[in-house]
Amino acid sequence: MQTVSLASYAADEALSRGRRYEEPRASYRSEFHRDRDRIIHSTGFRRLVYKTQVFVNHEGDLYRTRMTHSLEVAQIARTIAVALQLSEPLTEAICLAHDIGHTPFGHAGQDTLNTCMRDYGGFEHNLQSLRVVDELESKYADFPGLNLTFETREGILKHCSAHDAKLLGDVGERFLQRQHPSLEAQIANLADAIAYNNHDVDDGFRAGLLSLEQLREQSLFETQYIEVHERYPNLEDRRLIYEIIRRMINTVVTDLIDNTRRAIDAAAPQSIDDVRKAGKTLVIMSAEVHEQHVSLKRFLNEYLYRHEQKLAMTRRVQAIVSDLFAAYMEDVQRMPLQFSQATTRKDESGRARVIADYIAGMTDRYAIAEHERIMA
Ligand code: MG
């Protein structure tokens with residue numbers, strides 16, 4: 001059902017390592033298309049609309065949310081996958097699901113929940129994304145979760161400790177054997193960073209937290225600034241910024257495609273297993289662009305994510321998450337029946353995990369409303 005011919009080292013659905021529960025094949029969709037469609041129909045995916053990327057949902061209507069972030073990641077990754085004759089639907093499925101286990105309130109939410117879970121195995125949003133698609137979505141009569149293919153699950157799990165890898169079975173193996181995932185997964189991973197680096201410049205500028213002068217100290221930005229400014233000297237700031245951003249994305253993506261092509265030629269993998277055993281990732285940028293990309297990432301970390309205005313919000317949301325966690329630990333009946341019942345006959349650690357699943361699934365505004373209700 002692929003319309004373009006795939007490279008021999010692409011993920012080929014005919015050679016898929018399959019689903020956890022066997023199912024008859026779909027008549028008009030490939031297995032990876034089906035994975036993508038199941039993700040789009042999932043509850044976890046819909047919740048991303050109201051989950052923070054950088055700006056808390058109620059701070060403004062035009063900022064990225066986890067949902068629009070995921071769509072931008074998918075859009076960037078699909079271009080790269082097609083250019084390299086890799087599986088576009090698999091790449092898209094991995095991108096759409098990559099943040100499906102994210103907590104409300106972005107990284108502040110994730111870090112706080114991790115602290116709350118310190119004595120109970122911790123909380124990690126990437127691992128949670130796999131948990132959502134494997135176990136927590138309950139929609140289908142025949143199996144728990146979305147029953148996705150191995151290749152999509154492998155792509156969702158970006159990193160994992162040796163301890164967790166042992167518990168995860170097939171998708172954990174590569175971390176113990178020091179192998180890499182498919183090229184489709186490697187693309188999704190880098191497209192994530194390309195997407196946020198660029199949309200966070202846009203959002204940070206829109207919010208007035210980043211200035212043109214500051215951004216111009218970044219060579220990735222400055223190179224495009226000079227070109228755009230020379231060609232359109234009278235462009236107003238908003239259009240100027242966006243024109244620069246689209247050129248930055250194009251620069252990084254083009255560089256990535258060209259360099260990955262070279263890396264693939266040099267390693268000459270014949271199959272997806274050769275990719276997994278290549279000993280290094282093959283989806284790469286040139287050293288120069290990579291350095292600029294990393295520099296922009298560091299810049300955003302320092303000036304946007306840790307901006308005083310953001311930190312004030314961070315402290316507020318930390319209190320919300322830790323208050324909720326403590327309140328449910330004290331009395332599980334404060335959670336909806338489905339969750340309080342799930343704690344029956346569980347030890348403290350098991351109860352904490354159910355609570356973490358419940359909190360992680362909340363949207364920003366639901367968490368705020370629950371907090372107000374419980375603390376009233
Ligand atoms: Mg992401």
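Side-chain atoms are counted along with the backbone in the values below, which use heavy atoms only and exclude waters and symmetry mates. Read the numbers this way: they start at 1 and go in the same order the structure lists the ligands and their atoms.
- Every residue meeting the side chain to side chain contact (heavy atoms under 4.5 Å, CB included) condition with Glu288, not counting sequence neighbours, appears here in chain and number order: Ser286, Gln292.
- With 3.5 Å as the limit, one finds no donor-acceptor pair spanning the side chains of Glu151 and Ser182.
- Legend: residues meeting side chain to side chain contact (heavy atoms under 4.5 Å, CB included) with Leu176, ordered by chain and number and at least two apart, are Ala162, Ala165, Lys166.
- Checked against side chain to side chain contact (heavy atoms under 4.5 Å, CB included), Ala188 has the following partners two or more places apart in sequence or in another chain: Ile94, Cys95.
- A side-chain N or O of Asp192 and one of His69 form a donor-acceptor pair less than 3.5 Å apart.
- Here the Mg ion (ligand 1) has protein N, O or S atoms under 2.8 Å from it, and they come to 4.
- Between the side chains of Thr52 and Asp364, at least one donor N or O lies within less than 3.5 Å of an accepting N or O.
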